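Everything below concerns the one structure shown next.
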Amino acid sequence: MTTHSSDGLLYLQDYPKLRQWINQCVACQQVGYKPELPDSIGVGVAARNLRRYFRPLFLNEIGLCEQCSYAMNLPALKVEHE
């Protein structure tokens, strides 16, 4: 049985253009969708599938997720929620 994360990576292999909507932490390599992902991409269900396979991943200015930024004692992420 595969995990949601590995299913998501397989999905991205099938649809590589969707990688533009994916963030990856430069330190821990955690993968998630960009918080600014629109409700729909084109006429398909791509955005819904990305949300199903991944969680939102906020990155700071240097590409670190919140956990890595905290672990390295860097300033908090500047996250703007809509």
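Please read these numbers as outputs of a predicted model, since none were measured by experiment.
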Judged by atom type as modelled, is there a donor-acceptor pair below 3.5 Å linking the side chain of Gln24 to the main-chain atoms of Val31? no
In this structure, CG of Leu64 is separated from CE of Met72 (nearest 0.5 Å) by 5.0 Å
Can you confirm whether Pro35 sits close enough to Asn23 that some side-chain heavy atom of one is under 4.5 Å from a side-chain heavy atom of the other? yes
Approximate separation, where rounding is to 0.5 Å, of Leu9 CG and Arg19 CZ: 6.5 Å
What closest approach, in Å, do Cys25 and Cys65 show between heavy atoms, and which atom pair accounts for it? SG-N, 3.4 Å
Steps toward side-chain contact (heavy atoms from CB on, under 4.5 Å) verdict (Leu37, Phe54): CA-CA 12 Å; Leu37 177 68; Phe54 301 101; over 6 Å; no
Here the gap from Gln20 atom CD to Ile41 atom CD1, rounded to the nearest 0.5 Å, amounts to 7.0 Å
Side-chain touch Arg51/Asp39, heavy atoms, less than 4.5 angstrom: yes
Can you name the residues that form a side-chain hydrogen bond (donor to acceptor under 3.5 Å, both in side chains) with Gln13, not counting sequence neighbours? none
Listed once per pair and sorted, the ring pair (Phe, Tyr, Trp, His ring centres under 6.0 Å) pairs that draw on residues 8-35, sequence neighbours left out: Tyr11-Tyr15, Tyr11-Tyr53
Flag the pair Leu57 / Ile22 as yes when at least one side-chain heavy-atom distance between them is below 4.5 Å, and no otherwise. no
